[in-house]
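Step one of this worksheet: look at the structure below.
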Amino acid sequence: MKMTKENKHLDDATVDNANGTEFRSRNFIQQIIDEDMKSDKYGGRVHTRFPPEPNGYLHIGHAKAICINFGIKEEFSGKCNLRFDDTNPVKEDTEYVEAIQEDVKWLGFQWDGLFYASDYFGKMYEYAQILIRKGKAYVCDLTAEETREYRGDFTTPGKNSPYRERSVEENLDLFERMKKGEFPDGERVLRAKIDMESPNLNMRDPVLYRISHNEHHNTGAEWCIYPMYDYAHPIEDAIEGVTHSLCSLEFENHRPLYDWVLNEIGVWETPPQQIEFARLNMTNTLMSKRYIRALVEDGTLDGWNDPRLHTLSGLRRRGVTAEAIKNFIEEVGVSKSNSVVDSENLDHFVREDLKMKAPRAMAVIDPLKVVITNYPEGQTEMLEAELNPENPEMGSRQIPFGRVVYVEREDFMEEPVKKFFRLFPGNEVRLRHAYFIKCNEVIKDEAGNITELHCTYDPETKSGSGFTGRKVKGTLHWVAEADHINAEVRLYDHLLAEGEDGEDIVNPNSLVKLENCKLEPYFGSSEKGDKFQFLRHGFFCEDSKVSTDEMKVFNRIVSLKSSWKK
RNA sequence: UGGGGAUUAGCCAAGUCGGUAAGGCAGCGGACUUUGACUCCGUCAUUCACAGGUUCGAGUCCUGUAUCCCCAGCCA
């Protein structure tokens, strides 16, 4: 058995070397398109679209749809449109169409066409008339409640509407009068005439048009009848020449209707096809617009771009790069099973991407004073520190060093536990980019709290001097008393945590504000939006440069990687 | 309850003429290190929801069962 395994491994390696490339399997959508290309179904064309309804901000779940649609465009040298699916005037707003465009661009995608479903209202109206003339649609006067009753349920077949057999002329006339605004909201609808006994509830004479006397963000007051998603969407796709209409799993039951609409209208030779995939779910976060809105309104969250949120604007503010998001989505893959991706996966790609891009800088969020007793009083020296040891091209900065420095309080333990190799009495560690220091004395106040440490340094151990005399196991971040920035730091953790009953609750510690944090001067020269890697675990992302009382506010994103456990 | 989907490790996920379970994340062990990071090396499914069947051989084919998700908006 073991031999077999090893041999298999060798074979694979050989194959990989021969190809020179790593094999990456194709997802089921790519395979469908491969087939269509082979059979020349669409004459070699591949055309997708990303069709958000402009009723909220995009989140990482949308990013999956965006990456899939635009990814296919790029792979097959096709096209991809951005289309606002704005068929319901009461829920939509221009504010969102702008935010959505910004987010798509930020992710790094450029659409071929920018459209609004509402651009096609005229066409859709004409197609509805075709359906009426064919006897495939009728105006129905049932109330919403009656319609529901007539529809039946899972086990009971529906009943035909008493208005189902109206004449073509009467339907045409009524439909036109609906459009002219002769009827109030809810008085009549246009319905497809399909099959009230269909086991698929979506096929039981679905509503195609409803009356809604509301201002539309794009068409204003031009229309008072609006098409329903199931009728509008296939038409939008067909008009734009979309070949593969990718959507999420919950629309699987709608596919027969999608096909029905296109077939019955019958003006497209090779209509687009709908393909469904599972949407992205993640642990530790909130994607539901409803709950996010509630938390924004009660002040728990600082807007839709709160760094704890997985909205694209929130992730951006938090310092997550578009590249990291795209890599994450590619790795997570596309399938049809409902799944919940662990947020560790995203964190991994954030680390991976920022690792080479983010400058390293030192910050101490819970300062403990250290006096270097053998360092000359009043003296300050500048030390050279590379910005990113893995990426020398980023250059270096100068950091001040003096007799008094601050280290992280948690980097000192008076009575060290096993495998703790940072600072403790008698132990020697390196101050990063500086010298070895040894702790000689612990100073406490009356209450027994540690107030400062007295250490000595060894000038021979200066960073970059090539000193190899002895080694230390720990390296500490520090900030000099002589020149530093006092700041308030916000620590962000996961928004959701597991409650006692296993249900997700809002993590009360998801945002912690800490004052009196100390940052090295380099932070002061950064641009707004800069990210820094710091300490052992996380990344620092500048949130705002607002300086009140000389205090700068930074975010520290925690929990990217925890690495030391007791 | 009728219909439509899904089910491969802690989490995603490959597996497409049936030929003896890719990869990533997380974990674990070790090496290295001026961030306990990073990097590196090793390890991590005798088994594919379950039960039968066909076959020399089944995650892949057949039959049955179970569980989860979606559908009863004039939302998308």
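Chain identifiers are assigned alphabetically (A, B, ...) following the order of the sequence lines, protein sequences preceding nucleic acid strands; residue numbering begins at 1 within each chain.
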With sequence neighbours left out, which residue pairs that include part of residues 198-218 of chain A fulfil the salt bridge (Lys or Arg N to Asp or Glu O under 4.0 Å) condition?
Arg164(A)-Asp205(A)
Answer yes or no: does a side-chain N or O of Ser337(A) lie under 4.0 Å from OP1 or OP2 of A13(B)?
yes
Among the candidates G36(B), C25(B), A76(B), find the nucleotide nearest to the side-chain atoms of Asn345(A).
C25(B)
From C38(B), C11(B), U33(B), pick the nucleotide closest to the side chain of Lys471(A)?
U33(B)
Mind running a 4.0 Å heavy-atom check of residues 245-252 of chain A against RNA chain B and sending the residues that fall below it, in number order?
Glu250(A), Phe251(A), Glu252(A)
Side-chain contact check for Glu390(A): nearest option of G3(B), C75(B), A37(B) is A37(B)
Residues of residues 139-154 of chain A with any non-hydrogen atom less than 4.0 angstrom from an atom of RNA chain B: list those, numerically ordered, please.
Leu142(A), Thr143(A), Ala144(A), Thr147(A), Arg148(A), Arg151(A), Gly152(A), Asp153(A), Phe154(A)
Could you work out, with ring pair (Phe, Tyr, Trp, His ring centres under 6.0 Å) as the rule, every residue matching His216(A), not counting sequence neighbours?
Phe121(A), Tyr226(A)
Under the salt bridge (charged side-chain N to carboxylate O under 4.0 Å, His left out) test, residues paired with Glu92(A) that sit two or more places apart:
none
Test salt bridge (charged side-chain N to carboxylate O under 4.0 Å, His left out) applied to Glu428(A) - qualifying residues, sequence neighbours left out
Arg470(A)
Return the nearest nucleotide to the side chain of Asn253(A); candidates are A13(B), C74(B), C70(B).
C70(B)
Considering only C12(B), G36(B), A76(B), which nucleotide approaches the side chain of Ser339(A) most closely?
C12(B)
Below 4.0 angstrom from OP1 or OP2 of C70(B), is there any side-chain N or O of Arg255(A)?
no
Strictly below 4.0 Å, N to O, side chains only: are Arg148(A) and Glu145(A) in salt-bridge contact?
no
Quick one: the side chain of Gln31(A) and the base of U16(B), do they pair up donor-acceptor inside 3.5 Å?
yes
Provide, to the nearest angstrom, the distance between the CZ atom belonging to Arg279(A) and the P atom belonging to C12(B).
17 Å
Partner set under side-chain contact (heavy atoms from CB on, under 4.5 Å) for Glu252(A), not counting sequence neighbours:
Leu249(A), Glu276(A), Lys336(A)
Residues in side-chain hydrogen bond (donor to acceptor under 3.5 Å, both in side chains) contact with Asn345(A), at least two apart in sequence or another chain
none
Pair assignment for G29(B), Watson-Crick or G-U wobble, requiring both distances under 3.5 Å
C41(B)
Please list, chain by chain and in numerical order, all residues satisfying side-chain hydrogen bond (donor to acceptor under 3.5 Å, both in side chains) with Lys64(A), sequence neighbours excluded.
none
So does His477(A) reach the base of U35(B) with its side chain, donor to acceptor, closer than 3.5 Å?
yes
Does a salt bridge link Arg188(A) with Glu182(A), judged by any charged N lying under 4.0 Å from a carboxylate O?
no
Assign G27(B) to syn or anti; the rule is syn for a glycosidic angle within 90° of 0 and anti otherwise.
anti
Using the benzene-type ring in the case of Trp, are the ring centres of Tyr96(A) and Tyr57(A) under 6.0 Å apart?
yes
Nucleotide nearest Met228(A) (side chain, heavy atoms from C-beta), chosen from G24(B), C74(B), G15(B):
C74(B)
Among U39(B), C25(B), C75(B), find the nucleotide with the atom closest to the side chain of Glu344(A).
C25(B)
Pick the closest RNA chain B nucleotide for Asn202(A) and for Gly186(A) by heavy atoms, then say which residue is nearer the 5' end.
Asn202(A)
Write down the distance between CZ (Phe421(A)) and P (U35(B)), rounded to a whole number of angstrom.
11 Å
